[in-house]
Q: 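Shown below is the structure under consideration.
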Number of protein chains: 4
Amino acid sequence: MTETMEQWMEELLKSEAASEKMTEKQTKILASAIEVFAEKGYAASSTSEIAQRAGVAEGTIFRHYKTKKELLLSIVAPAITKLIAPFVLRGFGKVLDSNYESFDQVLRAMIENRIEFIAKHRSILKILLQEIPFHTELQVHLQKDILAKVLERLEKIVIKFQAQGQMVDLPSMTIIRLCISTIMGYIAVRTIYGEREDAVWDDAREREETITFIMRGLGYSS
Amino acid sequence: MTETMEQWMEELLKSEAASEKMTEKQTKILASAIEVFAEKGYAASSTSEIAQRAGVAEGTIFRHYKTKKELLLSIVAPAITKLIAPFVLRGFGKVLDSNYESFDQVLRAMIENRIEFIAKHRSILKILLQEIPFHTELQVHLQKDILAKVLERLEKIVIKFQAQGQMVDLPSMTIIRLCISTIMGYIAVRTIYGEREDAVWDDAREREETITFIMRGLGYSS
Amino acid sequence: MTETMEQWMEELLKSEAASEKMTEKQTKILASAIEVFAEKGYAASSTSEIAQRAGVAEGTIFRHYKTKKELLLSIVAPAITKLIAPFVLRGFGKVLDSNYESFDQVLRAMIENRIEFIAKHRSILKILLQEIPFHTELQVHLQKDILAKVLERLEKIVIKFQAQGQMVDLPSMTIIRLCISTIMGYIAVRTIYGEREDAVWDDAREREETITFIMRGLGYSS
Amino acid sequence: MTETMEQWMEELLKSEAASEKMTEKQTKILASAIEVFAEKGYAASSTSEIAQRAGVAEGTIFRHYKTKKELLLSIVAPAITKLIAPFVLRGFGKVLDSNYESFDQVLRAMIENRIEFIAKHRSILKILLQEIPFHTELQVHLQKDILAKVLERLEKIVIKFQAQGQMVDLPSMTIIRLCISTIMGYIAVRTIYGEREDAVWDDAREREETITFIMRGLGYSS
DNA sequence: CATGAATGAGACTTCATTCAT
DNA sequence: TATGAATGAAGTCTCATTCAT
């Protein structure tokens, strides 16, 4: 709970929460909803348990969210929007578009950035992954508004590096797919191994080898 | 493709053996349970809907499966076991261990094999993916009994090809991770694009490029 | 189960079972019905458990007994009838009516007789006691056909001894009530103490003191 | 009868204390649960009927009592505790220990007191009697916490009167058993005859004769 | 705004009973 | 006659949602 709270506090400052007016109770409700949904899945979670963990009465939830599903969406929809942020906001955009000289630096930055993001929003991402298959609206939202923009942005980057001549001449979407697959695979395994550093999982090395693998795979002479 | 045939027959035998003791109604129950679980998720599925789609009385479900959860497990547990089959059966083992001369042939066979498997069990795999996070027993089963064996088998193959000298000298587990990530990424995107063949997705080409990417990434001079 | 079976074997020989035709399965059904009803009570017993313990199929029960209630009655109704037997049959009747010279001998015989009876039919009596309140037919049967006859017989005995002059001149029904209360109290406590013989419960002594208490209470100078 | 009044008030206070926290609906649920359980037995009663008679929705029952069994226990457990009250409270204790001069007065008081108690709690006692055999916890509670204390108290009284010399020198437990048997027998028959006063059952006389019987049986010269 | 008792639809499950084999 | 799969009514219990306080 504390962990979730911390993240939330951060979110509160950064996002709409700061501008909108959320009562303290509402914040607590959201926090425990995230907690419970992530723990048991949306369908298996009961509003009464959420209320209990939030320390509010059952009815209070329905004062802020008309239905249980609205509560879910109030968690998941903003999360989807936030997924796109780094690709659109000054920070990431600026970096990718101009600064880095070589592609491996881009990969390194992306890995760093996504790991941080996942760590901070693990619970919400878990909920998102679980519920996406059952909510067409979310799927459409994710695909049209988010994925499209992300890919568009990434495409530009890839094309830029292809133009520099060392990268293989594949369709940019293919390159993006190969990069993302490999990176996500690295992050997934890393997550399973609990980010520990030992003989079984030498994170720094694995990351470098992963980047090297991609670079070689894309035709950069190593 | 002789090997693929062999697997197919073995799977058939196994499935038949199980279903021989099934009444027609029980088969129908299983089929609609898979259908409904895949469609709505386990927790959001009701036994009454499963019964309805199977064309049986609700009570009939509970004559064959003591609880709703037992029904789920009767679907998911065998699926987990089947996941391992191709890595353990003589057919596949023999092939991988000795027959193929170059690593890209191995990759090609694996891709073929897994695509076929996923196509045949898509619904069940969807259920499996959805439910794994909520059932520790399944997690343990998957990790200990299945994953361990699969990795062990794959490790042998990798080591054999590393010994031939053209492949980079990385930990075999790292190589396996990189291969699987890339292949799964290919299969995932392919699945989303619905296996269509058009300007957007030229499957034959994507597959070859994916294999080439891996081979290059692993140090084979292209 | 063995215990119950033994009793049943005896019953079989003695009662209608010998004349009627009971299949072996039917006997087993009755035996396990008695067992389960006594253990869980009629309403909380399931025909499926009875079938299971009897080692027959669920349907078999309903081939012999149209309903679950008929199965109950086939156990309980004969039991009620048997309750009266000792008061009507030659054995007991003869004894009470003529042989014994003093009332304490009558009491002693009754105690002996009832203890034996209860021991042999404990399960069935337990069922009877549990179910009597919920089945008017049984109540009527018990009251009219059984109790009336028993009391009638007992009344004669009491009157006979009253005529001998040492017993108080109370309504015979009052005397019967006092005797039965005291005797049942003795048997009840004895049953609780599990018929053990030790410092806590010296059965022989308790029985004699009980008889002495009744005799004194009824005016016999001790 | 001052003592009886005292008890009454104490009981009232205790009951009120419990019911003060009860909503009107909860009281109604309890009342109809007692009604239905007494009428049909616990296992044969349905929560839906209880709800119906109480004029509430079925779900309302489960808001107050987690399970049907908890509802039963909420009725039966306090009843067991109340059974002991008169034997432990100052009122009764004082009376028995010191005030009464002769044993028949004690008996008379006890009869009076228990008849009143039974009349007031007939339904609950019926439920208790029915369910005791199937709930080990209740058995233990009754035996350890209740019966032991009651017997201890009664023993003191008996010993006191034995010391006065007119009572037979039997183990006090034997004397208690004989008294209780006889009294319970009287109350039982009286209950069956519905407390009517006619030629068949002259209550005042039966009661006196019962007391006389006990007194004589215990050695008091009549 | 917040509460929490109340609701009633519907969830899972049990079980007496039927019937084709 | 015996079986046991199938039934469907009914049982216990859960839960999102409402509403008087």
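Here is how names work: the chains are called A, B, and so on, in the same order as the sequence lines, proteins then strands, and each is numbered from 1. On a predicted model such as this, the values are computed, not experimentally measured, just so you know.
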Q: Find which nucleotide of DNA chain F each of D:K66 and D:S48 is nearest to by heavy atoms, and output the residue with the more 5' nucleotide.
A: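 It is D:S48, whose closest nucleotide lies nearer the 5' terminus.
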Q: To the nearest Å, how far apart are C:I50 CD1 and E:dC15 P?
A: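 The answer, rounded to whole Å, is 11 Å.
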Q: List the protein contact pattern of nucleotides 1-7 of chain F with one symbol per nucleotide (5' to 3'): B for base contact, S for sugar-phosphate-only contact, - for none; contact means a heavy-atom distance under 4.0 Å.
A: SBBBBBB
Q: When the P atoms of F:dT21 and E:dC1 are compared, how many Å lie between them, rounded to an integer?
A: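 After rounding to an integer number of Å, I get 22 Å for this pair.
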Q: Mind calculating the distance between CZ (D:F37) and P (F:dG11) to the nearest angstrom?
A: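 The answer, rounded to whole Å, is 13 Å.
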Q: Calculate, to the nearest 0.5 Å, the distance between atoms CG and CD1 belonging to C:L138 and C:I132 respectively.
A: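 Between C:L138 CG and C:I132 CD1, I get 5.0 Å after rounding to 0.5 Å.
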Q: Mind calculating the distance between CD (A:Q52) and C1' (E:dT3) to the nearest angstrom?
A: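 So the two atoms are 15 Å apart, to the nearest Å.
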Q: If the condition is salt bridge (Lys or Arg N to Asp or Glu O under 4.0 Å), which residues does A:E131 pass it with, not counting sequence neighbours?
A: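 Expected list: none.
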Q: Can you tell me the distance, in whole Å, between the CG atom of C:L72 and the C1' atom of E:dT17?
A: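 Taking CG of C:L72 and C1' of E:dT17, I get 17 Å after rounding.
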Q: Salt-bridged, C:E35 to C:K28, with N to O below 4.0 Å?
A: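 Salt bridge: no.
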Q: Rounded to whole angstrom units, what separation is found between the NZ atom of B:K68 and the P atom of E:dG10?
A: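 For the pair B:K68 NZ and E:dG10 P, the rounded distance is 15 Å.
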Q: Just the rounded figure in Å: distance from P of E:dA16 to CD of C:E70.
A: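 So the two atoms are 15 Å apart, to the nearest Å.
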Q: For DNA chain F, which ranges pair as stems of 3 or more consecutive Watson-Crick or G-U pairs, with both donor-acceptor distances under 3.5 Å?
A: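 Detected stem regions: E:2-21 with F:2-21.
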Q: Strictly below 4.0 Å, N to O, side chains only: are A:E58 and D:R63 in salt-bridge contact?
A: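 Yes.
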Q: Should the pair A:E39-A:R53 be classified as a salt bridge under the 4.0 Å nitrogen-to-oxygen rule?
A: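 Between A:R53 and A:E39 there is a salt bridge, with a charged N closer than 4.0 Å to a carboxylate O.
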Q: Between A:L71 (CG) and F:dC15 (C1'), how many Å, whole number?
A: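 The answer, rounded to whole Å, is 15 Å.
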Q: Any side-chain donor-acceptor pair under 3.5 Å between C:H135 and C:K69?
A: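 Short answer, yes.
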Q: Taking all non-hydrogen atoms of both residues into account, name the closest pair between D:P133 and C:Q130 and its distance.
A: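 Closest pair (atom of D:P133, atom of C:Q130, distance): CG-NE2, 3.3 Å.
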Q: With side-chain contact (heavy atoms from CB on, under 4.5 Å) as the test, pick out the partner of B:Y65 among B:L72, B:T47, B:L73, B:L30.
A: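 By the side-chain contact (heavy atoms from CB on, under 4.5 Å) criterion, B:Y65 pairs with just one of B:L72, B:T47, B:L73, B:L30: B:L30.
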Q: Output yes when at least one side-chain N/O atom of B:T47 is less than 4.0 Å from OP1 or OP2 of E:dC12, else no.
A: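 The answer is yes; a side-chain N or O of B:T47 sits under 4.0 Å from OP1 or OP2.
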Q: Over how many whole Å does the gap from D:I29 atom CD1 to E:dT7 atom P extend?
A: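 It works out to 8 Å between those atoms.
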Q: For the side chain of D:F62, counting heavy atoms from C-beta on, which of E:dC12, F:dT14, F:dT17 is nearest?
A: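 The answer is F:dT14.
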Q: Establish, yes or no, whether the cationic atom of D:K68 lies under 6.0 Å from the six-membered ring centre of D:F37 and within 45° of the ring axis.
A: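 No - D:K68 does not lie over the ring of D:F37 by the 6.0 Å and 45° rule.
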